[in-house]
Each structure stands twice: as C-alpha cells, then as structure tokens.
Amino acid sequence: MINDARRRFLRTLAVAGLAPLSACRLSRHAAGKARVVVVGGGFGGATFAKTLRFLDPDLRIALIEPKNAYMTCPGSNWLFAGQSTPTALQVDYQALSQRYNIDVVQDRAKYIDSSRRRLHLAGGTDLAYDRLLLAPGIAFDWEAIAGYDVNAAARFPHAWQAGPQTQLLLRQMQAMPDGGVLLIAAPPDPYRCPPGPYERASMMAHWLKRHKPRSKILILDPKRSFSKQALFEAGWRRHYGYGTAHSLIEWHSLADNPIVRLDAVGKTVVTEFGDRFSGHVLNIIPPQTAGRLALESGLTDASGWCPVLPATSQSPLDPFIHVIGDAAQLAPIPKSAFAANSAAKTCALAVTALLNDREPGEAGWLNICYSLVAPDHGISIAGVYRLDSSGRIAAVPGAGGVSDSHLPDAAEREALYAKNAYRSLIADSFG
C-alpha cells in the first residue's frame, strides 16, 4: 500500500513542478540508515516527515511533538460562526506512525547540542541526528504591550494557538451583552496567518448579527492596510453594513499610534498618544516571533525569526539544521498552513538530496489562502514563488492573484473551495 501511495505522491510533486521524478530515485545510504529528527507536529513538521518517507523509505525519521492531538489554526475562526466544532478541527498522528513508519515521540524538545548533533528531550532522553528539521511554530512577544502577559491572556485571550484559548474567546463572545463591544487588537507584520484577524471578525459578526445585532466589533490595527482588504471590506458591506452608522465591524489603523498598554481593570487598551479603547471582550493578538526552541537555540536574528537559505531551508548558523513553517523567514511567502505544507515538501526534497550527496534541485513554493467572510461567502489569494537571479524568493509574475468578485456565484463557490481546501490540506499533511 505504501509503495502505491508513494508513487502517487511523487507524481503529484512532479506535476507541481517541485522536482522531476528522476531526482527522487535516490540510492540507499552507503553508511547505513541516516536519521532525521523533526521537531513540531504542525502542518510543516508533519508534511515534511511524511514527504521524506515517500522520498526515501530507508531513513529513520522521528517526529517530536508534546501533544497527541491538536486543534488546527486553519478553520478555528469558523467556530465563532458555528460552522465547525473543536472535535472536527482535531488531528492526530496515527497515520504518520502506523502507515508511514515514523517514530512519533510524545515529548518536548528541550535543547539542541549542535556540536554533537543531538537533540535533548524534556523526558530525559536524547536523539542523535544527521539532519534536524525545526518547525516550532510561533511564540509571543509578551513585553510588547505593558500589562499583557501569559497571565493576562487567561482573561483576555489571543486565541492565536488554537485550542483552549479559542474556546475561551468563543464563550466570552457568546456571553457578551447585546450592544456590547468586542475589541480585536491585530498584530504587526509579520505574523501567523495574515488574513486571520479579519476572517475572525467576519465569523464573529455573522454570529452577532443573528444573536446580538446591536453589538459592534472594533478592529484596532497597527498596520496601514491588511491582507485581502478590498475583498474583506466588500464582503463586510454586503453582509454587515460596513461603512454605515450601524456597521457590525469597524476597522481603525493605528499605524502612527500603536497600542502600548493594557488596563486590565478597565478592560481598556491604551495607545502611545494616550487614546483609550474599551470593550466587553478583548481579543489581544500580540506581536510574534519564532517558537521557543529556535529562540533559545540562537537560530533567530534581531527580527525574532529564523533566517534560512531559501533553496534548502538550512540555517546559515548551522548547516545541519533546517527551519520551516511560521518560524522561518521566507518572505514574501506569507506565514500560512498551506505555505508551510509547500515549504515542507521543498525542504524534504533538498534534505533527501543532501543526505545522498546530491545537489538539491530547483526550489519552488506555492501558497493559497482561503477566508470566509460569511459561511456562504469565501475569498482567496494565491501565489507561486521561485528563486530569482539573485537567489532570493520572488513571486512568479502572473501566476497568482485574488478572487474575482465579478464572476457569477464567485463568493459561494469560493466558500465551498475554502472548506474543501481545508479537508485536502489535512489529508495531505496528516493522512
């Protein structure tokens, strides 16, 4: 069964232009089975481990992940509109373990001994590696907003790592009085899922329109513009009265006057110039960095993210460590689950080549990001990326784009595509 699946998968990679099939017919390791250790079981880490198994059945692959299942961030905003459930958004690692012979270790990576190429786990064991793949996700800059820290987040949830925080924010929204204000403090660039705060506002507005129609969602944004803004605003006008006195959603740019402090007692955020914004529910999404292990291992730069060599995702600080997913600097590719899935496949091809003393092939990346403005109104943005003549990642001209809102039934079809794309991404990464 795995051989048939492997052949289908390699054909998919070939059609996507990530590598020719001939580049995947690799020799076995002369010195025995190499070991690749993967840290992080999100879309990047899971896809990398699965792809690596297809590309080289002889490798020893270990995936380190403290959770036995987790709620996906993609789709988690749909909870606020009653369009999904926590159970429906959960994935596990049974297929990776049982179907693809990946050693899934339920533990937390503690620190990296790069001189000996060993990863130490919180449970007390350590693993040697020939290549280490880090997909540690994000961490939060708790010093960016005075008064907002881990403890404050238990009362004013960010809900930017799906799970208990998402469910807490959902309960707070549902308990808010009709006529109340729900305040969303969006994060500065770069951050996980650029359209996320605006899809969240859309899904909340859909629920409030039916259950608490006198309420308002106030988005305070440190940016001058945001992802898919024209498409979101058109949808908000269509569904939520955007731009009128009775709009369910208001968006305010605070690019020159950012939020600097939380007054927890007053449920108020305070800007640099002293302006105050209060709400019955505060959803504060703080600035983000690469995940804890990357930070503590010295693999980040002054930006807080991990620089990488684009073609292979190798860290310039350690050629035996590769970083993918939200933690990596792969701009202009956005930090999305689909992009992490694509980068994982490109990185797996490069790692397989390097382990077999081959030159990695041409790198390429894809991204498509769907958002729901309402349950029957979807929008999307897509991009295709290659290395330019200077070795930097660049969008392929004419290969991407956004939803064409002029087509008949476009919004309804895009909503259907969004839900199907989510299911396909789950199956491709974890199934």
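Note: hydrogens, waters and symmetry copies are ignored here, and every other heavy atom, side chains too, is used.
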Test your reading of the model: is there a side-chain donor-acceptor pair from [X] to the backbone of [Y], 3.5 Å cut-off?
X: Glu233; Y: Ala230; result: no
X: Gln165; Y: Ala153; result: yes
X: Thr244; Y: Gly241; result: yes
X: Asp107; Y: Pro66; result: no
X: Arg53; Y: Asp56; result: yes
X: Lys267; Y: His280; result: yes
X: Asn283; Y: Pro157; result: yes
X: Lys50; Y: Gly431; result: yes
X: Arg200; Y: Ala159; result: yes
X: Lys216; Y: Ser247; result: yes

Return the set of residues passing ring-ring contact (aromatic ring centres under 6.0 Å, His included) with Phe338 (not counting sequence neighbours), or none when no residue passes.
none

Grab the two heavy atoms, one from [X] and one from [Y], that are nearest each other, plus how far apart they are.
X: Gly44; Y: Ile324; value: O-CD1, 3.4 Å
X: Ser313; Y: Cys347; value: CB-SG, 3.9 Å
X: Thr346; Y: Gly364; value: OG1-O, 2.5 Å
X: Ala88; Y: Ser84; value: CB-OG, 3.8 Å

Modelled atom types, side-chain donor and acceptor of [X] and [Y], under 3.5 Å:
X: Thr72; Y: Tyr422; answer: yes
X: Asn68; Y: Asp92; answer: no
X: Asn341; Y: Thr47; answer: yes
X: Ser76; Y: Thr166; answer: no
X: Tyr198; Y: Asn77; answer: no

Pairs under 3.5 angstrom only: tabulate donor-acceptor contacts from the side chains of residues 325-334 to other protein residues two or more places apart or in another chain.
from, atom 1, to, atom 2, distance (Å)
Asp326, OD2, Arg192, NE, 2.6
Asp326, OD2, Arg192, NH2, 3.0
Gln329, NE2, Asp301, OD1, 3.0
Gln329, NE2, Asp301, OD2, 2.9
Gln329, NE2, Ser303, OG, 2.8
Gln329, NE2, Trp305, O, 3.3

Would a 4.5 Å heavy-atom cut-off, applied to side chains only, mark [X] and [Y] as touching?
X: Asp178; Y: Pro213; value: yes
X: Leu121; Y: Val105; value: yes
X: Ser202; Y: Trp236; value: yes
X: Tyr129; Y: Ile112; value: yes
X: Pro310; Y: Leu387; value: yes
X: Ser253; Y: Lys223; value: no
X: Ile145; Y: Ile284; value: yes
X: Pro194; Y: Phe226; value: no

Sequence neighbours left out, what passes side-chain hydrogen bond (donor to acceptor under 3.5 Å, both in side chains) with Arg155? Give chain and number order.
none

Report the residues that fulfil side-chain hydrogen bond (donor to acceptor under 3.5 Å, both in side chains) with Ser315, sequence neighbours left out, ordered by chain and then residue number.
none

Please walk me through it: do Arg292 and Arg108 pass side-chain contact (heavy atoms from CB on, under 4.5 Å)?
CA-CA 11 Å; Arg292 177 198 60 80; Arg108 181 177 61 83; 3.2 Å; yes

If a pair satisfies side-chain hydrogen bond (donor to acceptor under 3.5 Å, both in side chains) and one of its residues is in residues 131-153, list it, with sequence neighbours excluded.
Arg131-His322

Mind checking whether Tyr93 and Tyr70 have parallel, tilted or perpendicular rings, split at 30° and 60°?
parallel

Rounded to the nearest 0.5 Å, how far apart are [atom1] of [X] and [atom2] of [Y]?
X: Ile61; Y: Leu52; atom1: CD1; atom2: CG; answer: 4.0 Å
X: Lys335; Y: Gln288; atom1: NZ; atom2: CD; answer: 9.0 Å
X: Leu119; Y: Ile64; atom1: CG; atom2: CD1; answer: 6.0 Å
X: Met173; Y: Trp207; atom1: CE; atom2: CH2; answer: 5.0 Å
X: Leu168; Y: Gln172; atom1: CG; atom2: CD; answer: 4.5 Å
X: Tyr240; Y: Leu248; atom1: OH; atom2: CG; answer: 8.0 Å

For a quick test of your reading: what N or O donor-acceptor pairs under 3.5 Å do the side chains of residues 366-383 make, sequence neighbours left out?
from, atom 1, to, atom 2, distance (Å)
Asn367, OD1, Ser336, OG, 2.5
Asn367, OD1, Ala339, N, 3.4
Ser371, OG, Lys228, NZ, 2.7
His377, ND1, His239, NE2, 2.8
Ser380, OG, Ser403, OG, 3.2
Ser380, OG, Glu414, OE2, 2.6

Can you confirm if the aromatic rings of Trp365 and Tyr385 lie within a centre distance of less than 6.0 Å?
no

Enclosure of Lys110 NZ (heavy-atom neighbours >12, cutoff 6.0 Å):
no

Step by step, work out the side-chain hydrogen bond (donor to acceptor under 3.5 Å, both in side chains) result for Trp78 and Glu199.
CA-CA 9 Å; Trp78 302 349; Glu199 183 191 52; 3.1 Å; yes

Test ring-ring contact (aromatic ring centres under 6.0 Å, His included) on Trp160 and Phe140 and set out the steps.
CA-CA 10 Å; Trp160 220 240; Phe140 298 107; 8.7 Å; no

State whether Asp256 and Arg224 are salt-bridged, where the test is any N-O pair (Lys NZ or Arg NE/NH1/NH2 against Asp/Glu carboxylate O) under 4.0 Å.
yes

Less than 4.0 angstrom from a charged side-chain N to a carboxylate O is my criterion; do Asp263 and Arg276 meet it?
yes

